[in-house]
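Here is the structure we will look at, set down as structure tokens.
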Amino acid sequence: MACVILDIGGVLEITPPTGWGRRWEERLGSPPGVVRERMRDVWEAGRVGSISEREVHQQVEARLGLDAPEAEAFMGDLWTEYLGTPNEELIAHVRGLRGSCGLGILSNSFVGARERETARYHFDELVEHIVYSHEIGIEKPDPRAFEAAWTSLGASPQECLFIDDLAENVEAARATGMRAHRFEGNVGTIARIAAHLDAGNRVGGHVPLG
């Protein structure tokens with residue numbers, strides 16, 4: 001069966017920069033880039049699940065000199081940007097595909113993302129399987145991340161269309177044998193999904209390379 005695997009941020013979620021980091025730097029009286037530099041290894045650890053949410057909060061307090069309520073507010077601003085707003089049109093289209101193809105999500109994520117995205121967007125009801133980087137300890141564009149996604153659907157890479165907004169991830173997916181499409185808008189993406197599923201139906205569920 002043909003499968004469609006989607007990224008979250010920048011695809012299923014619309015996530016423009018909110019400027020929250022710079023606002024906190026101004027609040028702390030710090031020059032631009034200080035928050036990013038002080039927290040760099042914590043953010044990296046959070047993306048691959050080698051640190052807990054509690055430990056993230058502890059590091060925010062210690063490294064930025066915040067008390068517990070301030071750290072909570074800081075993380076709240078981070079999650080506001082991270083979660084963005086729903087791409088309603090694409091989500092509705094994917095919902096309409098259920099039962100006609102395999103559906104999955106592959107996301108470079110952060111510890112705590114599954115709980116928040118499930119509560120707000122119910123992605124667990126939209127697709128069959130969600131592969132989060134913080135749960136498998138591997139980020140795109142590592143080929144193993146893509147393999148985890150197609151394996152979760154019981155598919156081969158050739159059967160899968162991967163959709164992401166970053167060119168490097170699209171290219172990496174193609175290198176594994178997957179079909180891939182760079183998200184630049186809903187119209188082109190929905191058309192590409194339709195073409196992929198049509199090709200899959202014409203060859204008995206197996207989408208050829210090329």
Side-chain angles (χ1 to χ4, degrees), residues 1-21 47 77-110 113-114 116-133 139-143 145-146 148-150 152-153 155 157-203 207-210:
M1 176 183 289
C3 298
V4 178
I5 300 171
L6 304 103
D7 179 36
I8 295 181
V11 178
L12 293 173
E13 293 170 357
I14 301 168
T15 55
T18 63
W20 69 274
R47 292 199 302 269
D77 287 345
L78 179 153
W79 284 113
T80 294
E81 179 175 291
Y82 184 102
L83 295 171
T85 57
N87 184 344
E88 299 280 12
E89 182 181 16
L90 185 58
I91 290 172
H93 182 75
V94 173
R95 186 177 295 114
L97 297 175
R98 289 184 300 189
S100 66
C101 64
L103 292 171
I105 282 173
L106 173 60
S107 175
N108 282 356
S109 52
F110 194 76
R114 180 181 288 272
R116 288 170 174 81
E117 288 173 332
T118 295
R120 181 173 296 189
Y121 298 124
H122 305 287
F123 289 145
D124 60 320
E125 300 173 6
L126 183 69
V127 302
E128 297 165 52
H129 293 284
I130 303 176
V131 176
Y132 282 111
S133 68
E139 291 185 282
K140 298 172 291 185
D142 190 311
F146 302 104
W150 77 62
S152 74
L153 295 173
Q158 293 83 5
E159 291 175 303
C160 298
L161 172 66
F162 175 66
I163 298 166
D164 198 291
D165 59 318
L166 297 181
E168 67 174 333
N169 293 335
V170 170
E171 293 165 4
R174 287 178 180 150
T176 70
M178 300 176 81
R179 292 295 187 93
H181 171 77
R182 185 176 182 184
F183 178 86
E184 295 179 305
N186 290 332
V187 173
T189 297
I190 289 171
R192 184 66 185 86
I193 291 172
H196 176 74
L197 298 182
D198 181 62
N201 289 334
R202 284 189 282 108
V203 295
V207 182
L209 287 171

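Computed from a predicted structure; not experimentally measured.
- Atom CZ of R182 is separated from atom CD of E171 by 8.5 Å, given to the nearest 0.5 angstrom.
- The minimum heavy-atom distance linking H129 with L153 is given by the pair CD2-CD2, 3.8 Å.
- Although no hydrogens or angles enter the test, the distance criterion places no donor-acceptor pair under 3.5 Å between the side chain of E13 and the main chain of P86.
- In summary, the aromatic rings of Y82 and F110 are positioned with their centroids too far apart to meet the 6.0 Å limit.
- Counting heavy atoms from C-beta on, the side chains of T18 and D77 never come closer than 4.5 Å.
- In this structure, the side chain of R114 engages the main chain of I130 through a donor-acceptor pair within 3.5 Å.
- Between the side chain of R98 and the main chain of E125, a donor-acceptor pair closer than 3.5 Å is present.
- Residues H122 and D124 have side chains in contact (heavy-atom distance under 4.5 Å, counting atoms from C-beta outward).
- Smallest separation of non-hydrogen atoms from T15 and G9: OG1-C, 4.1 Å.
- Under a 3.5 Å cut-off, the side chain of S109 and the backbone N or O of S133 do form a donor-acceptor pair.
- Remark: side-chain polar atoms of R179 are not paired, donor with acceptor, to backbone N or O of C160 under 3.5 angstrom.
- Contact check for F162 versus T176: no side-chain heavy atoms found under the 4.5 Å cut-off.
- Rounding to the nearest 0.5 angstrom, the gap separating the NE2 atom in H93 from the CD atom in E89 is 9.0 Å.
- A donor-acceptor contact shorter than 3.5 Å links the side chain of E128 to the backbone of L103.
- Among all heavy-atom pairs drawn from C101 and V4, the shortest one is SG-CG2, 4.4 Å.
- Side-chain contact between I105 and V131 is absent, with no heavy atoms from C-beta onward closer than 4.5 Å.
- A donor-acceptor pair under 3.5 Å is absent between the side-chain atoms of T189 and the main chain of F183, judged by distance alone.
- The two atoms that bring V170 and H181 nearest to each other are CG2-O, 3.7 Å, heavy atoms only.
- No side-chain heavy atom of L12 sits under 4.5 Å from any side-chain heavy atom of D7.
- Residues I163 and V11 come closest through the heavy atom pair CG2-CG1, 4.1 Å.
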Walk me through it: do E117 and Y132 pass the test side chain to side chain contact (heavy atoms under 4.5 Å, CB included)?
CA-CA 11 Å; E117 288 173 332; Y132 282 111; 2.7 Å; yes
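- Listed for the K140 side chain is a donor-acceptor partner under 3.5 Å among the backbone atoms of L106.
- Judged by distance alone, the side chain of Y121 and the main-chain N or O of L83 form a donor-acceptor pair under 3.5 Å.
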